[in-house]
Amino acid sequence: MKLILELSGEHPNIPLEEVKAIIPVYDQNTQVLIVDAPDLNILERFAYTHAAMRFLGECAADKESFVRMLTDMAITSSEPFCGRVKKMVDHGMDTPSADLERLIGFYVNGPVSVSTPTRVFRAIISGGRCHFGELLWELDRNPYHSRKPGNRPFFHPGVMMPRMIRALVNMSGAIKGEWILDPFCGTGGTLIEASLIGCPAIGTDADIEMIQGSRKNLTYAMTGVADARHLPFPDASIDHVVSDLPYGQSVVIVGNLFDLYRQALQEIRRVVKPGKRSVLVTHQDIRPLAEQIFTINGYYEQRVHKSLTRRILVLV
């Protein structure tokens, strides 16, 4: 199914990369992707995709081309519809959005209803192109809100929000049924998001309090106390590792932080199946270390606040 995806503008790369890891992308523009999706259900796993439209056409970002496209498509709707237009920062189109929405209402044959439409035809204008389709799906943020760390039975400060964790799981390329390991599982956020997309998840942590807490947050989780430098799993037994590595608070438990990173990366390399991706987050740039053990498939930064920038590594 050919779809137009409208991406979040919250990060320049992460919304794109989580989609690319899961489904084929044919074309891209600022906050816009043209993709081939097997069905609409797969969209539910994406955290930074705002909306999806059935692809109907595209044209240059000018009024004449827009009118010509609508005329050529000759869309008829027996159900009430409305037109919506979204302009991205680099849209390059002079015609006001309200005028373009009126043109959709004029050239689509059928009853117009601005307040209670059954169908929504939507144009996204980005990078000098107009992408036009029928709205099929929109992101529901409520489930993510309900899973916020503070809403769980066990809480610990400093953990990532569910949408970011879900994006990291997606960036690993994990498909339903593949095993995901978080060797620094903390309160279990990665285990929750992995489980929700159909991936069996395993969590280990050196801190027994974290393991006890993660079991409260996800009662059916497979968790246990373990040192990430000596993981209790056979070689090539895990499909993907997704983990937020310690920023220093756990050093007293597991020793020197740099040595922990080095030995943990070696263990992750050992237990992950060849060719499979892992996604690791650190507070410092460990690329010189990581490239000694893995091939770096991607590197992204996310500024959280003035004293914390997350470094996200996609490793193979």
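Numbers for residues simply follow the sequence, beginning at 1. Computation of the quantities below employed the complete heavy-atom set of this structure, encompassing side-chain atoms and omitting hydrogens, waters and symmetry-equivalent molecules.
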Residues forming a side-chain contact (heavy atoms from CB on, under 4.5 Å) with Ala194, sequence neighbours excluded: Ile180, Cys199, Ala201
Reported CD-to-CG distance for the pair Gln212 and Asn217, which is rounded to 0.5 angstrom: 12.5 Å
Expected output: side-chain Gln292 to main-chain Pro288 donor-acceptor under 3.5 Å: yes
Give a yes/no verdict on a cation-pi contact between Arg287 and Tyr299, requiring under 6.0 Å between NZ or CZ and the six-membered ring centre and an angle within 45° of the axis. yes
May I ask you to establish whether Arg147 and Tyr144 are in a cation-pi arrangement, using a distance under 6.0 Å from NZ or CZ to the six-membered ring centre and at most 45° from the ring axis? yes
Let me confirm one number: the CD-CG distance from Glu138 to Leu43, rounded to the nearest 0.5 Å. 12.0 Å
Which other residues belong to the hydrophobic cluster containing Met210, where Ile, Leu, Val, Met, Phe, Trp and Tyr are joined when side-chain heavy atoms lie under 4.5 Å apart, directly or via other members? Phe154
Residues Tyr220 and Ser195: closest non-hydrogen pair is OH-CB, 3.7 Å
Restricting to pairs with a member in residues 28-51, which pass salt bridge (Lys or Arg N to Asp or Glu O under 4.0 Å), not counting sequence neighbours? none
Roughly how far, to the nearest 0.5 Å, is the CE atom of Met171 from the OG atom of Ser278? 12.0 Å
Applying side-chain contact (heavy atoms from CB on, under 4.5 Å), run through His283 and Arg311 and close with a yes or a no. CA-CA 6 Å; His283 73 297; Arg311 272 80 177 187; 5.8 Å; no
Once ring pair (Phe, Tyr, Trp, His ring centres under 6.0 Å) is applied, what residue pairs with a partner in residues 186-208 remain, sequence neighbours excluded? none
Hey, what do you get for CE (Met88) to CD1 (Ile124), rounding to the nearest 0.5 Å? 5.0 Å
Mind listing the side-chain donor-acceptor pairs of residues 157-164 below 3.5 Å, one per line with the distance, residues two or more places apart or on another chain?
residue: Arg163; atom: NE; partner: Ala47; partner atom: O; Å: 3.0
residue: Arg163; atom: NH1; partner: Glu10; partner atom: OE1; Å: 3.2
residue: Arg163; atom: NH1; partner: Glu10; partner atom: OE2; Å: 3.2
residue: Arg163; atom: NH2; partner: Glu10; partner atom: OE2; Å: 2.9
residue: Arg163; atom: NH2; partner: Ala47; partner atom: O; Å: 3.0

So how far is it from Thr190 OG1 to Leu218 CG, rounded to the nearest 0.5 Å? 11.0 Å
Let me know which of Ile165, Val169, Val242, Leu191 forms a side-chain contact (heavy atoms from CB on, under 4.5 Å) with Asp182. Leu191
Do the side chain of Asn29 and the main chain of Ser126 share a donor and acceptor less than 3.5 angstrom apart? yes
Do any pairs count as a salt bridge (Lys or Arg N to Asp or Glu O under 4.0 Å) and have a residue in residues 110-121, sequence neighbours left out, and if so which ones? Arg119-Glu134
Partner set under ring-ring contact (aromatic ring centres under 6.0 Å, His included) for Tyr107, not counting sequence neighbours: none
Going by distance alone, is a donor N or O of one side chain under 3.5 Å from an acceptor N or O of the other, for His240 and Glu178? yes
Test side-chain contact (heavy atoms from CB on, under 4.5 Å) applied to Lys20 - qualifying residues, sequence neighbours left out: Leu16, Glu17, Val25
Are there more than 12 heavy atoms of other residues, nucleotides or ligands under 6.0 Å from atom CD1 of Ile296? yes
Which residues share a side-chain contact (heavy atoms from CB on, under 4.5 Å) with Arg215, sequence neighbours left out: Ile211, Thr223
Do you know the tightest heavy-atom contact between Ala264 and Phe184? CB-CZ, 4.0 Å
Can you name the closest pair of heavy atoms from Ala61 and Ile125 and give their distance? CB-CG2, 3.8 Å
For Ala51, is there any backbone N or O sitting under 3.5 Å from a side-chain donor or acceptor partner on Glu6? no
Co-membership, hydrophobic cluster, residues Leu7 and Val32, 4.5 Å side-chain: no
Does this structure show an ion pair linking Glu301 with Arg310, if we count only N-O contacts that are shorter than 4.0 Å? no
Should Asp239 and Lys273 count as an ion pair when the cut-off is N to O under 4.0 Å? yes
So which of Tyr261, Tyr247, Phe258 actually passes side-chain contact (heavy atoms from CB on, under 4.5 Å) with Gln284? Tyr261
For Tyr48, what residues pass the ring-ring contact (aromatic ring centres under 6.0 Å, His included) criterion, not counting sequence neighbours? none
Only pairs at least two apart or in different chains count here, so list each side-chain hydrogen bond (donor to acceptor under 3.5 Å, both in side chains) that has a residue in residues 87-96. Thr30-Asp90
Tell me every residue that passes side-chain contact (heavy atoms from CB on, under 4.5 Å) with Asn142, counting only those two or more places apart in sequence or in another chain. Asp140
Interatomic distance, CE@Met53 vs CG@Leu136, rounded to 0.5 Å, equals 8.5 Å
